[in-house]
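Accompanying notes for the structure given below.
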Amino acid sequence: MNIAIVGATGLVGSKMLQILEERNFSIDKIIPIASQKSEGRLINFCGKKYAVVSIENSLNEEIDIALFSAGAKVSLKWAPKFKRRGIYVIDNSSAWRMSEDIKLIIPEINGNLLGSNDKIIANPNCSTIQMLMALAPIHKKFKIKRIIISTYQSVTGTGKAAIDQLNNEKNNIKGLKIYPHQIHQNALPQCDIFLENGYTKEEMKLVNETHKILSDKSIKVSATAVRIPVFGGHAESVNIELEEKTNCEDINFLLNETDGVVVQDDPKKNIYPMPINAEGKDEVFVGRIREDYSKENSFNLWIVSDNLRKGAATNTIQIAEYLVKNNLIKK
């Protein structure tokens, strides 16, 4: 396989290169793609150096799969051009997620929907991925009626400029501010821009993507997304109301049997998921599983994951692995 990384010099693109190497993805050639200003820059991959290609020149390359992580504008313009050349595009931006004819995929949940004609495949939002990794098996067995979610999201979800802002503020250095307020020692109840309904784009992604991935628009979802000054990953406080009767023990057992999910739930020993421990890992960690005594058949969960890995790069690569493993790539 010849694999292209569009946005190879960014946070997620760099993580994709790292994870492709870690997972021993079968690659004949890697094509790092970035903006014209990065063209010619050398990227290390598997002990070799590869020169960055501009996206304008990239279509001269032989490419089987292109992993996009360069923002929605780039994806909207260039993904169709790659598709017309027969290249499979797996896109990490918001560009195609809600398009009716584009699949929105978490391989462990709905990878079976993919076919060889799916030339553009959307990767869900990081917050949605980790939430649904925990909730999809619960929904399948007990049917979720309602979800109330509050996220506590790492600055890494915004990119390098946000990391720089936090570090600068910690060290009293003046610099570019990507957020409207100080993030150091603060919590911002705003991820992405506000919409006319009073919710942010990030909050509505959790609503709309949940409905699409679980193929169930009857689930009521209410979200609040908060940015916090951490690096390791995103955390989520999730309250669910179920249709079928169950208990904490059944939920705990079900999640323990779910691939890609790790239960860390022993409060007496202060064991529960935290971003600092999730960093660098591909699993989704769940703890603080407890009954909500204010509403019948409702439960609380605390869900944590590295947003740059399972929330972005790893999930994208798992989609590519699924295509290859199931012989869905037509060369």
Side-chain angles (χ1 to χ4, degrees), residues 90-94 96-98 102-114 121-153 157 191 201-225 233-244 246 251-252 254-263 273 278 281-289 298-319 322:
I90 306 171
D91 182 47
N92 191 53
S93 80
S94 61
W96 306 98
R97 290 174 185 160
M98 299 315 298
I102 303 291
K103 308 284 175 55
L104 184 61
I105 298 296
I106 303 172
E108 297 94 333
I109 298 172
N110 62 345
N112 62 300
L113 297 179
L114 290 173
I121 302 163
N123 196 58
N125 182 46
C126 48
S127 301
T128 307
I129 290 174
Q130 69 182 70
M131 180 178 77
L132 293 188
M133 281 291 294
L135 297 193
I138 297 173
H139 179 63
K140 186 176 181 180
K141 186 161 186 179
F142 303 112
K143 187 164 174 50
I144 296 174
K145 294 168 62 176
R146 187 170 187 247
I147 302 168
I148 302 173
I149 175 172
S150 295
T151 71
Y152 305 84
Q153 298 185 210
C191 295
K201 281 181 71 176
E202 184 80 5
E203 290 159 352
M204 292 311 299
K205 288 173 189 176
L206 282 158
V207 177
N208 298 326
E209 293 179 22
T210 294
H211 290 159
K212 183 171 181 177
I213 294 166
L214 297 183
S215 300
D216 191 341
K217 291 185 178 181
S218 72
I219 304 170
K220 293 178 171 60
V221 184
S222 181
T224 301
H234 292 350
E236 299 173 339
S237 173
V238 181
N239 178 278
I240 54 174
E241 181 185 358
L242 305 178
E243 200 167 276
E244 303 292 330
T246 188
I251 292 174
N252 198 306
L254 182 61
L255 292 177
N256 267 304
E257 296 295 307
T258 300
D259 289 341
V261 174
V262 175
V263 177
K281 299 180 176 68
D282 288 325
E283 296 84 2
V284 172
F285 301 91
V286 185
R288 299 295 316 279
I289 302 168
S298 297
F299 300 87
N300 291 299
L301 304 93
W302 178 250
I303 304 169
V304 176
S305 186
D306 185 327
N307 55 293
L308 294 182
R309 291 187 67 102
K310 181 55 181 172
T314 302
N315 198 75
T316 303
I317 290 162
Q318 285 177 315
I319 294 171
Y322 189 96

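By convention here, the first residue in the shown sequence is residue 1. Computed from heavy atoms alone, side chains included, the values below leave out hydrogens, waters and symmetry copies.
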Salt bridge (charged side-chain N to carboxylate O under 4.0 Å, His left out) against [X], all qualifying residues, sequence neighbours excluded:
X: E203; result: none
X: E283; result: none
X: E209; result: R97
X: K143; result: D216

Closest non-hydrogen atom pair between [X] and [Y], with its separation:
X: G233; Y: N307; value: CA-OD1, 3.2 Å
X: L254; Y: P137; value: CD2-O, 3.4 Å
X: N112; Y: Y322; value: CA-OH, 3.3 Å
X: T210; Y: M131; value: OG1-CE, 3.2 Å
X: C126; Y: H234; value: SG-NE2, 3.4 Å
X: I105; Y: I319; value: O-CD1, 3.6 Å

Pairwise distance [atom1]([X]) to [atom2]([Y]) - rounded to 0.5 angstrom:
X: T128; Y: N123; atom1: OG1; atom2: CG; answer: 10.0 Å
X: I213; Y: I106; atom1: CD1; atom2: CD1; answer: 4.0 Å
X: S222; Y: I149; atom1: OG; atom2: CD1; answer: 10.0 Å
X: N208; Y: S94; atom1: CG; atom2: OG; answer: 11.5 Å
X: K212; Y: I102; atom1: NZ; atom2: CD1; answer: 7.5 Å
X: I251; Y: L242; atom1: CD1; atom2: CG; answer: 5.5 Å

Is there side-chain contact between [X] and [Y], with heavy atoms separated by less than 4.5 Å?
X: T246; Y: I138; result: no
X: K281; Y: K310; result: no
X: Y152; Y: T224; result: no
X: L135; Y: L214; result: no
X: S305; Y: F285; result: no
X: I289; Y: L255; result: yes
X: V261; Y: E108; result: no

Is [X] reaching over with its side chain to a backbone N or O of [Y], donor-acceptor style, under 3.5 angstrom?
X: W302; Y: P273; value: yes
X: N256; Y: N252; value: yes
X: N110; Y: L104; value: yes

**OP:** Scan residues 126-141 for pairs that pass salt bridge (charged side-chain N to carboxylate O under 4.0 Å, His left out), counting only residues two or more places apart or in two chains.
**Re:** none
**OP:** Return each pair, listed once, that meets salt bridge (charged side-chain N to carboxylate O under 4.0 Å, His left out) where at least one residue sits in residues 233-243; pairs must be two or more places apart or across chains.
**Re:** K145-E241
Subject >> F299: partners by ring-ring contact (aromatic ring centres under 6.0 Å, His included), with sequence neighbours left out >> reply: none
Original post:
Partners of W96 by ring-ring contact (aromatic ring centres under 6.0 Å, His included), sequence neighbours excluded?
Top reply: none
Subject >> Partners meeting side-chain contact (heavy atoms from CB on, under 4.5 Å) with D306 (sequence neighbours left out) >> reply: E279, L308, R309
**OP:** Sequence neighbours left out, what passes side-chain contact (heavy atoms from CB on, under 4.5 Å) with D259? Give chain and number order.
**Re:** none
**OP:** Tell me, with the steps shown, if V286 and T258 meet side chain to side chain contact (heavy atoms under 4.5 Å, CB included).
**Re:** CA-CA 11 Å; V286 185; T258 300; over 6 Å; no
**OP:** Begin with the C-alpha distance, continue with both residues' side-chain angles, and end with the deciding distance and a verdict on side chain to side chain contact (heavy atoms under 4.5 Å, CB included) for H139 and I219.
**Re:** CA-CA 10 Å; H139 179 63; I219 304 170; 3.6 Å; yes
**OP:** Would you please test V221 and H211 for side chain to side chain contact (heavy atoms under 4.5 Å, CB included) and show each step?
**Re:** CA-CA 9 Å; V221 184; H211 290 159; 4.1 Å; yes
**OP:** State which residues pass side-chain hydrogen bond (donor to acceptor under 3.5 Å, both in side chains) with S127; sequence neighbours excluded, sorted by chain then number.
**Re:** Q153, E202
Original post:
By side-chain hydrogen bond (donor to acceptor under 3.5 Å, both in side chains), which residues pair with K205, not counting sequence neighbours?
Top reply: none
